[in-house]
2 protein chains.
Amino acid sequence: MADGRMMAPHSGESLLFLTDEHLRQGIEAMFFAYRGFTADPDRILADMAYGRAHHRAIHFINRAPGTTVNNLLNILGVTKQSLNRVLRTLIADGLVQSRVGRNDKRERHLYLTDEGRALEQELSDAQRARMRLAFRTAGPEAVAGFRTVLEAMMDPEMRESFDRLRDSCP
Amino acid sequence: MADGRMMAPHSGESLLFLTDEHLRQGIEAMFFAYRGFTADPDRILADMAYGRAHHRAIHFINRAPGTTVNNLLNILGVTKQSLNRVLRTLIADGLVQSRVGRNDKRERHLYLTDEGRALEQELSDAQRARMRLAFRTAGPEAVAGFRTVLEAMMDPEMRESFDRLRDSCP
DNA sequence: TTGGAATGTCAACAACGCTGACATAAACTG
DNA sequence: CAGTTTATGTCAGCGTTGTTGACATTCCAA
C-alpha cells in the first residue's frame, strides 16, 4: 500500500515530512484539535435545547444575512430536511426570521433577530477566544501555514464557498 | 464584546493577524477543512453499516493494540456506553477481538483482526492520501505551522493524549 | 395552460452522542 | 476474612442530527 516511508529516498530530505508517520500525526492532530475547536460552543449550547447544527446555521446566517435556505444548504453540506428541522426550532424560538422572497416567492430569506444575534455573539466570542489564544501562542507564520494546509485539505466546492465568504467581507 | 480590531492598535502590526476577521476566517477554515478531512473515509463507510465512530475506534485500536476500553474512552472523549455500541458491532462482525485481562479480569483488551486491519488500511490510505496531497501542496513550513496551531487549539488533556501517542511511535 | 424544475416542508428512519441501572471483579476497611 | 466501596464493562432508552421519501407551492418554458 502507499507507504510514505518508501518514497522518501526518491524525493530527498525536503519531503521527509510526508512519511506515513507524519501524516498520521497530522490526522490525529486534526482530530484532537477539532474537539477543542467545538468544545466551548458545545458547552454553551448544551444548557439550551440546541446543538452544533444550530450553531452552524446561526453562524452562516449572521455571516450572510438574507441568505436563502438553498444557499445555506450548499454551504453547510447537509440535506435540506436536516437543516429545516434546525431552522424550524430557531424560527419558533424567535432567533431567526424567515421572509418570503420578493421576486421568487418560493425562496425564504433568513435573518437573525436581535436575540439570535446575541446568541451568535456569545458563541463566536467563546470560539474566537480559543482561536485567538492558539494564534497568539503559535505566531503569525504558523498561522499562515495553518491556513495554507487547511485550504489545501478542502474539497474544491468547499474551497469555493470558503473563498466566496472570505471575499465578501473586507 | 472582545473585538480583535480594537486591540490591534495597542499591539502593533505583528498582531494584525488577530483581528476578528482573521479569527473568523480561521474558524471557517477549520469547518470546511474538517469536512474534507472526513469525506473520504465517510464515503467508504457509508457503503457498510459503519460510520465515523467506527473509524475512530478502529484507528486507535490499531495505533495501540491491546488497549483497554477505558483507555480508548479517554482518547476518544465519549461515554463508555456510546463506545460500547460501536465495539459491540465491530466485535460481532469479526473486525475487533476482545480479550479478558490477565491481571485484571474486569478489563477487556482490544485488538484488530486481520479483517479489521484490512479495513483500517483502506480507511487510512484514503485519509492519508488527502493529507499527503495537502501537505505536499502547502510545503514543509506550512505543515509545521499547521501542527503548531492545532496543538495550541487542543484542550490540555487532549494535548497530552496526542503527545503520548506521538511519543509512543518512533 | 400545462408539465417540469426549483424551493421548501412534513414524516419516518439510522448513526451516535448522552444518562441511568446493573453485573462483575478488584480493592479497601474494620 | 466479611462487608463496603471503587473500577470496569454491558444493556436499555432518549435526544440531536444526519439520511431518504412523499408532497405542496411557485416559477418558467413549451
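Every chain is numbered from 1 and lettered A, B, ... according to where its sequence line falls, protein lines coming before strand lines. Given the structure is predicted, the values throughout are model-derived calculations rather than measurements.
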ask   = B:L123, B:M48: one ILVMFWY side-chain cluster at the under-4.5 Å cut-off?
value = yes
request  = Please determine if B:R99 forms a cation-pi arrangement with B:Y111, meaning its NZ or CZ atom is less than 6.0 Å from the six-membered ring centre and no more than 45° off the ring axis.
outcome  = yes
Atom pair distance, as rounded to whole Å: CG in B:L72 and C1' in D:dG9 = 13 Å
query = 5' to 3' on DNA chain C, which nucleotides open and close the contacts with chain A (atom under 4.0 Å from a heavy atom)?
reply = C:dA5 to C:dA12
message = Are B:F146 and B:F135 an aromatic pair, judged by ring center distance below 6.0 Å?
response = yes
message = Need to verify one output field. Residue with the more 5' nearest nucleotide on DNA chain D, B:S98 or A:A53?
response = B:S98
remark   = Here the distance between atom P of D:dT16 and atom OH of A:Y50, to the nearest Å, is 11 Å
request  = Kindly assign one of parallel, tilted or perpendicular to the pair B:Y34 and B:F37, based on the angle between their ring planes and the thresholds 30° and 60°.
outcome  = tilted
ask   = Using 4.0 Å as the upper bound for N to carboxylate O, is an ion pair formed by B:R35 and B:D42?
value = no
For residues 80-95 of chain A, tabulate all N or O donor-acceptor pairs below 3.5 Å that involve a side-chain atom, not counting sequence neighbours.
{"from": "A:T89", "atom 1": "OG1", "to": "A:H54", "atom 2": "NE2", "distance (Å)": "3.2"}
{"from": "A:T89", "atom 1": "OG1", "to": "A:V86", "atom 2": "O", "distance (Å)": "2.8"}
{"from": "A:D93", "atom 1": "OD2", "to": "A:Y50", "atom 2": "OH", "distance (Å)": "2.4"}

ask   = Can you tell me how far C1' of D:dT16 sits from NE2 of A:H55, to the nearest Å?
value = 16 Å
task = Rounded to the nearest angstrom, tell me the gap between atom CG in A:L90 and atom P in D:dT16.
result = 13 Å
message = Nearest whole Å is fine: how far is D:dT16 C1' from A:D93 CG?
response = 15 Å
query = Nearest 0.5 Å, what's the CD-CE distance between B:E28 and A:M154?
reply = 9.0 Å
inquiry  = Are B:R63 and B:L165 packed together at the side-chain level, in the sense that at least one heavy-atom pair is separated by less than 4.5 angstrom?
reply    = yes
inquiry  = With a 6.0 Å cut-off on the ring centroids, do A:F31 and B:F60 count as close?
reply    = yes
task = Could you tell me the separation between the CG atom of B:L76 and the P atom of D:dG9, rounded to a whole number of Å?
result = 13 Å
remark   = Nucleotide by nucleotide, nucleotides 19-30 of chain D touches protein heavy atoms under 4.0 Å in the pattern (B base, S sugar-phosphate only, - none) BBB----BS---
inquiry  = In this structure, how many angstroms lie between the P atom of D:dA7 and the CG atom of B:N74, rounded?
reply    = 13 Å
query = Looking at B:N84, does any N or O in its side chain come under 4.0 Å of the phosphate oxygens OP1/OP2 on D:dG9?
reply = no
